[in-house]
Amino acid sequence: MADQVITRFAPSPTGFLHIGGARTALFNWLFARHAGGKMLLRIEDTDRERSTDAAIAAILDGLTWLGLRWDGEVIHQFQRASRHREIAEQLLAAGKAYYCYATPQELDDMRAKARAGGRAPRYDGRWRDRSPSEAPPGVKPVIRLKAPQTGETVLDDQVQGRVAWANENLDDLVLLRSDGTPTYMLAVVVDDHDMGVTHIIRGDDHLTNAARQMQIYQALDWQMPIMAHIPLIHGADGAKLSKRHGALGIDAYRAMGYLPAALRNYLVRLGWSHGDKEFFTTEAMIETFDLAHVGRSPARFDFLKLENMNGHYLRASRNEDLVAALVETWPHLPDRNDMPRTLDARQQAKLLAAMPGLKERAKTLLELRDGAAFLFAARPLALDDHAASILEGGGRAHLAHLLPRLADLRQWTPAATEAVVRNYAEEMNLKLGQVAQPLRAALTGRATSPGIFEVFDVLGREESLGRLQDQLP
RNA sequence: GCGCCCAUCGUCUAGCGGUCCAGGACGUCGCCCUUUCACGGCGAAAACACGGGUUCGAGUCCCGUUGGGCGCGCCA
């Protein structure tokens, strides 16, 4: 199994799983699936200050909701600290790393001076060739990599192509902090190696890191995984996705009523393409996904297109599945006090009955739910003078033909029938004349209007009917 | 400031030297369907950032300019 592809998704649990991370996970997942390999999940929690359990939970939950299953146990980087330290010391013993006693203050000054002088703010290597015997008292050293100072570090990236850095532009990075904990650079390299990762697919904000990590691989004489740095996702204004244009957690997308499959489809098309094809089933995605067709320019996130795509998925979904999805998503949707908090079997059945028409005019589960509001509205609706005045409008002539048929069909009195229709019009925010068309369609069996009989059924319930009749002249 | 990456319609993108007076999708606009709202159908406007090369021929290759982005921590 030496040839098995192993990818990994390695988020740091300092916040929620954002959309860019979700896409990175998706690409890793697709690539692994395509190759019949595995995607591992590693939580990069070496920053103890900022890592939280809540963030870890949110990440796992987000991935699960998106349908991206990782393989094997979740690996927590922090638990591997002793292994990282061991490697740092091994490097030290081999003369590939050294103790550096420069204080944080000293480093700040160094960087400030470099910037002022128009040079890159890099560590100047002042302890690189000094003997530890010169160490100042009371300063705990860090361990730095003795990186090559000449030549270049060349990365063959699957997405970015050949990228080269002059080694003089790369400084001696810290491997082990003065408190003995590993830095991210070291931990990533050691973990990816130990986990047998064959392909690293991550955001291109890591591109420069790749060069530095490459130097660690070389010092260790380890084989480099294949790298693929994918472009970042930007906000609508082209700038990096940040809080101000709602750098949203993946759970926010659930709360907005997007279907996981639709979001996956939208995300995979952000930066990757397969000719003109827009829609992919999960199977097709796995089948056709490749690194070769990942673009190199950043993509802007477009909610309108996501919404459109979600609408397609909604309409293509089976009614039963939508009811199930709605029931599952219900608690995540924003509250509405005119809606039940949970749906009982009867309400679900009602939803199912109304679904064919409902899903035609919704783009998200949220719209679907709001569109179904009439099913759960309190009965009877209040009738007012305004409704009565609408009744005087031009639509009446048409309705005059239809009402008797409805009355006949429902076994209602003419007056009750008219009240019901009037109520329906008001509730659907329609002029009375506009009711004629859906009503006719419903009566003739061409039910283009959603659940119109469902509405009538609700409105026409015995008790409501009685009260409605009381209100009629 | 230094390093690296990027650059086709408003947006996502196809395009891997000729088949591109540039194709698809979202959005926009118009028409049709429908006496509602949607859905659906048809159609339109809309792009190769700029300047130099290379070549018989460049959206496609090279260089530069401009404009974006990322990185430059004892954060990840």
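Proteins come first, then strands; the chains are lettered A, B, ... in the order of their sequence lines, and each starts at number 1.
When Watson-Crick and G-U wobble pairs are counted only if both distances are under 3.5 Å, B:A49 pairs with B:U65. In this entry B:C42 has B:G30 as its Watson-Crick or G-U wobble partner, both defining distances falling under 3.5 Å. If you check B:G59 for Watson-Crick or wobble pairing at under 3.5 angstrom, you find it has no partner at all. A 3.5 Å limit on both hydrogen-bonding distances identifies B:U11 as the Watson-Crick or G-U partner of B:A25. Shown here, B:C16 forms no base pair; nothing in the strands shown gives a Watson-Crick or G-U wobble contact with both key distances under 3.5 Å. Nucleotide B:G1 forms a Watson-Crick or G-U wobble pair with B:C72, both donor-acceptor distances falling under 3.5 Å. Judged by Watson-Crick or G-U wobble contacts below 3.5 Å, the nucleotide B:U36 has no partner.
Across B:A7 and B:G64, the matching P atoms stand 15 Å from one another, rounded to whole Å. Taking atom P on both nucleotides, B:C21 is separated from B:G40 by 32 Å, rounded to a whole Å. If you take atom C1' in B:G51 and the same atom in B:C16, they sit 25 Å apart, rounded to whole Å. Here the separation of B:A44 from B:C63, taken at their C1' atoms, is 40 Å to the nearest Å. The gap from the P atom of B:C9 to that of B:G59 amounts to 15 Å, rounded to the nearest Å. With both ends at atom C1', the span from B:G69 to B:U36 equals 47 Å, rounded to whole Å. The separation of B:G23 from B:U8, taken at their C1' atoms, amounts to 11 Å, rounded to a whole angstrom. Separating the C1' atom of B:G43 from that of B:C56 is a span of 39 Å, rounded to the nearest Å.
Nearer to the 5' terminus of RNA chain B, by closest-nucleotide assignment, is the contact made by A:Ser297 (compared with the other of A:Asp302 and A:Ser297). Each of A:Ala10 and A:His293 was assigned the nucleotide of RNA chain B with the nearest heavy atom; the assignment lying further toward the 5' end belongs to A:His293.
Rounded to an integer number of Å, the gap from CD of A:Glu152 to P of B:C2 is 20 Å. Counting to the nearest Å, the P atom of B:G67 and the NE2 atom of A:His234 are 17 Å from each other. Per the geometry, CZ belonging to A:Phe303 stands 14 Å off C1' belonging to B:C12, to the nearest Å. The CG-C1' distance, from A:Asp370 to B:A38, rounds to 15 Å in whole Å. Rounded to a whole Å, the CD atom of A:Glu360 is 9 Å from the C1' atom of B:G40. Atom CZ in A:Arg361 sits roughly 9 Å away from atom C1' in B:U36 (whole-Å rounding). A:Leu270 has its CG atom 12 Å from the P atom of B:A14, to the nearest Å. Atom-to-atom, NZ of A:Lys359 to C1' of B:G40 comes out at 15 Å; the value is rounded to the nearest Å.
A donor N or O paired with an acceptor N or O is not found under 3.5 Å between the base of B:A25 and the side-chain atoms of A:Asn308.
Residues A:Tyr266 and A:Phe279 keep their aromatic ring centres 6.0 Å or farther apart. A centroid separation of 6.0 Å or more is found between the aromatic rings of A:Trp29 and A:Phe289. For A:His193 and A:Trp222, the distance between ring centers is under 6.0 angstrom.
Note on A:Thr46: only backbone sugar-phosphate atoms sit closer than 4.0 angstrom, heavy atoms only; bases stay farther off. Across all strands, A:Asn209 comes closer than 4.0 Å to base atoms (heavy-atom distances). Among the heavy atoms of the strands lying under 4.0 Å from A:Glu278 is at least one base atom, whether or not backbone atoms are also near. Residue contacts for A:Ala292: at a heavy-atom cut-off of 4.0 Å it reaches no nucleic acid atom on any strand shown. Note on A:Gly271: only backbone sugar-phosphate atoms sit closer than 4.0 angstrom, heavy atoms only; bases stay farther off. Among the protein residues, A:Met309 comes within range of no part of the nucleic acid, since none of its heavy atoms lies under 4.0 Å from any strand. Using a 4.0 Å heavy-atom distance criterion, A:Ser178 is classed as a base contact. Using a 4.0 Å heavy-atom cutoff across all strands shown, A:Arg144 reaches sugar-phosphate atoms only and no base atom.
Contact annotation: A:Arg111 side-chain N/O to B:C74 OP1/OP2 distance is under 4.0 Å. Taking 4.0 angstrom as the limit, A:Arg122 places none of its side-chain polar atoms (N or O) nearer than this to OP1 or OP2 of B:G73. Between A:Arg315 and B:G40, a side-chain N or O to OP1/OP2 separation shorter than 4.0 Å is present. Applying the 4.0 Å criterion to OP1 and OP2 of B:U13, one finds that A:Lys305 has every side-chain N and O outside that range.
A donor atom on one side chain and an acceptor atom on the other are found under 3.5 Å apart for A:Asp172 and A:Tyr98. Residues A:Thr150 and A:Asn167 have side chains that never bring a donor and an acceptor to within less than 3.5 angstrom of each other.
Without hydrogens or angle criteria, A:Arg202 side chain to A:Thr24 main chain gives no donor-acceptor distance under 3.5 Å. Between the side chain of A:Glu287 and the backbone N or O of A:Glu283, no donor-acceptor pair lies under 3.5 Å.
In the set B:C6, B:C74, B:U13, the nucleotide with an atom closest to the side chain of A:Pro298 is B:C6.
Ion pairing between A:Lys140 and A:Asp179 fails under the 4.0 Å rule for side-chain N and carboxylate O. Taking the charged nitrogens against the carboxylate oxygens, A:Arg318 and A:Asp321 do have a contact shorter than 4.0 Å, which makes a salt bridge.
A cation-pi geometry, defined here as NZ or CZ lying under 6.0 Å from the six-membered ring centre and within 45° of its normal, holds between A:Arg48 and A:Phe78. Annotation: cation-pi pair A:Arg144/A:Tyr123 present, NZ/CZ under 6.0 Å from the ring centroid and within 45° of its normal. In this structure, A:Lys305 forms no cation-pi arrangement with A:Phe303, as its terminal cationic atom is not both closer than 6.0 Å to the ring centre and no more than 45° off the ring axis. A cation-pi geometry, defined here as NZ or CZ lying under 6.0 Å from the six-membered ring centre and within 45° of its normal, holds between A:Arg23 and A:Phe27.
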Give each protein N/O atom lying under 3.5 Å from an N/O atom of nucleotides 19-23 of chain B, with the pair distance.
from	atom 1	to	atom 2	distance (Å)
B:G23	N2	A:Asp276	OD1	2.7

Output a table of nitrogen or oxygen pairs between the protein and nucleotides 3-5 of chain B separated by less than 3.5 Å.
from	atom 1	to	atom 2	distance (Å)
B:C5	O3'	A:Gln160	OE1	3.3
B:C5	O2'	A:Gln160	OE1	3.1

